[in-house]
**Q** 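Input: one structure, supplied below.
Quantities reported herein were computed from a predicted structural model and do not represent experimental measurements.
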Amino acid sequence: SISPTNFPLAGTLGFLAANAEGRLVGFSNAHVAAPTWLENPDAPDWWKERYGLRPGAPIRQPSIGEGGTENDYALALHASVAPDPNRKDNELDVAEMGVLTAASPELLGLAPYTRLVELNPGMAVAKAGRTTGVTHGKVIAVDATFEIAYMRLGPVTYIGLVVIESTVQGVPFSAGGDSGSGVFSGDGLGGLLFAGSEQVTLAIPASKVFSRFGLKPPAPPESSPSPV
């Protein structure tokens, strides 16, 4: 789990990728790691300087809710694309973070990804999230349009979304706190989870994130890391 600076939020670090300089960067949602619209404009200057959601702002791992402290700053905010309630064609809710500590692109319970995949209806998918752990589902629709309700922003229209449902009866594919999870199909990364309900989960196609931030899959580790 991760949370930004001193905000009592919790979400998921979804995947790592290599940027144009070959450096490892992490990805989640803007509403997890950079919810600038939740900042208090009347906060004192010292607070804004220490905890403001600006480039370079520290990200805790684990999150505050899981006991993370200022000694657990593991990432630093690089850039984000936030929801815009004035637009009817939002496609991204994404935050890019620099990695400050030793990291592996391997995620708990899922094999490392080696490529991007385009998700299509009927494809089997999996994710590893902060709240529900590893879950399995299938794609039921693509290129979907939804209105997403954001705290303090109200409804925001998104287009081009992937719609996923669980394939395990009684077990949702995602829940609150799973926002930011990567959505995988086999060894391919297909999406970035960012919203959902008990019935369906919504993901942004990973190809849009990679295109916007100039990414490529991370190099495979030279040896398998030991679990910690």
Side-chain angles (χ1 to χ4, degrees), residues 1-19 21 23-85 90-105 107-108 127-133 148-154 156 158 174-182 192-196 203-204 209 212-215 218 228:
S1 65
I2 60 173
S3 60
T5 64
N6 206 39
F7 283 71
L9 305 172
T12 301
L13 174 63
F15 62 87
L16 301 176
N19 65 14
E21 299 172 346
R23 295 177 180 173
L24 209 57
V25 287
F27 283 84
S28 186
N29 297 136
H31 77 261
V32 170
T36 54
W37 57 94
L38 297 181
E39 291 189 285
N40 179 6
D42 298 321
D45 290 342
W46 70 264
W47 195 98
K48 293 178 182 178
E49 178 64 26
R50 185 167 183 177
Y51 299 121
L53 296 173
R54 64 196 184 285
I59 308 294
R60 303 182 195 219
Q61 187 186 41
S63 67
I64 292 176
E66 276 73 47
T69 70
E70 292 188 9
N71 294 323
D72 295 308
Y73 288 144
L75 304 126
L77 181 64
H78 276 183
S80 64
V81 180
D84 184 348
N90 286 272
E91 294 185 294
L92 297 174
D93 176 347
V94 181
E96 179 191 55
M97 296 160 284
V99 178
L100 303 179
T101 59
S104 167
L107 296 176
L108 180 64
K127 75 99 183 67
R130 170 247 181 194
T131 303
T132 57
I148 309 300
Y150 284 90
M151 184 185 302
R152 296 191 187 176
L153 284 183
V156 179
Y158 272 82
S174 67
D178 289 330
S179 288
S181 301
L192 179 68
L193 189 159
F194 87 113
I204 298 162
V209 179
R212 177 62 178 263
F213 289 91
L215 306 173
V228 295

**Q** Begin with the C-alpha distance, continue with both residues' side-chain angles, and end with the deciding distance and a verdict on side chain to side chain contact (heavy atoms under 4.5 Å, CB included) for Arg212 and Val94.
**A** CA-CA 10 Å; Arg212 177 62 178 263; Val94 181; over 6 Å; no
**Q** If I take atom CG from residue Asp72 and atom CG from residue Leu100, how far apart are they, to the nearest 0.5 angstrom?
**A** 12.0 Å
**Q** Under 3.5 Å, side chain of Thr12 to main-chain N/O of Gly177, donor-acceptor pair present?
**A** yes
**Q** Tell me the closest heavy-atom pair linking Ile148 and Ala195, and the distance in Å.
**A** CD1-CB, 4.0 Å
**Q** Check whether any side-chain N or O of Thr69 sits under 3.5 Å from a backbone N or O of Asn71 as a donor-acceptor pair, and report yes or no.
**A** yes
**Q** Is it the case that more than 12 heavy atoms not belonging to Asn40 sit under 6.0 Å from its CG atom?
**A** yes
**Q** Enter the distance from Asn29:CG to Leu92:CG here, rounded to the nearest 0.5 Å.
**A** 10.5 Å
**Q** Measure the spacing between CG of Leu75 and CZ of Phe27 and express it to the nearest 0.5 Å.
**A** 11.5 Å
**Q** Can you name the nearest heavy-atom pair linking Pro83 to Leu153, along with the distance?
**A** CG-CD1, 3.7 Å
**Q** Looking at every heavy atom in both Glu66 and Ala10, which two are closest together, and how far apart are they?
**A** OE1-CB, 4.2 Å
**Q** Mind checking the CD1-CD1 spacing from Ile2 to Ile59? Nearest 0.5 Å is all I need.
**A** 6.0 Å
**Q** Would you confirm whether Ser179, through its side chain, and Gly11, through its main-chain N or O, come within 3.5 Å as a donor-acceptor pair?
**A** no
**Q** Are any non-hydrogen side-chain atoms of Phe7 and Glu39 less than 4.5 angstrom apart?
**A** yes
**Q** Can you tell me how far CG of Asp45 sits from CZ of Arg50, rounded to the nearest 0.5 angstrom?
**A** 15.0 Å
**Q** Got a donor-acceptor contact below 3.5 angstrom from the Ser1 side chain to the Ser63 backbone?
**A** yes
**Q** Does any N or O in the side chain of Asp178 come within less than 3.5 Å of the main-chain N or O of Arg130, such that one atom is a donor and the other an acceptor?
**A** yes
**Q** Could you list all the side chain to side chain donor-acceptor pair (under 3.5 Å) pairs where at least one residue sits in residues 90-100, not counting sequence neighbours?
**A** His31-Asp93, Glu91-Lys208, Asp93-Tyr150
**Q** If we only count heavy atoms from C-beta on, is the Leu38 to Leu53 side-chain gap below 4.5 Å?
**A** no
**Q** Gly68 and Arg60: which non-hydrogen atoms are nearest, and at how many Å?
**A** O-NH1, 3.1 Å
**Q** So, using salt bridge (charged side-chain N to carboxylate O under 4.0 Å, His left out) as the criterion, who are the partners of Arg54 when residues are at least two apart?
**A** none
**Q** Ignoring hydrogens, what is the shortest heavy-atom contact between Pro55 and His78? Give both atom names and the distance.
**A** CB-O, 3.7 Å
**Q** Could you walk me through whether Leu77 and Thr5 pass the side chain to side chain contact (heavy atoms under 4.5 Å, CB included) check?
**A** CA-CA 10 Å; Leu77 181 64; Thr5 64; over 6 Å; no
**Q** Give the minimum heavy-atom separation between Pro4 and Pro35, together with the two atoms involved.
**A** CG-CD, 4.1 Å
**Q** Verify, without hydrogens or angle tests, whether Lys48 (side chain) and Pro41 (backbone) share a donor-acceptor contact under 3.5 angstrom.
**A** yes
**Q** Please round to the nearest 0.5 Å and tell me the distance separating atom CG of Leu193 and atom CZ of Phe15.
**A** 12.0 Å
**Q** Checking Glu49 now: which residues fulfil salt bridge (charged side-chain N to carboxylate O under 4.0 Å, His left out) with it, not counting sequence neighbours?
**A** none
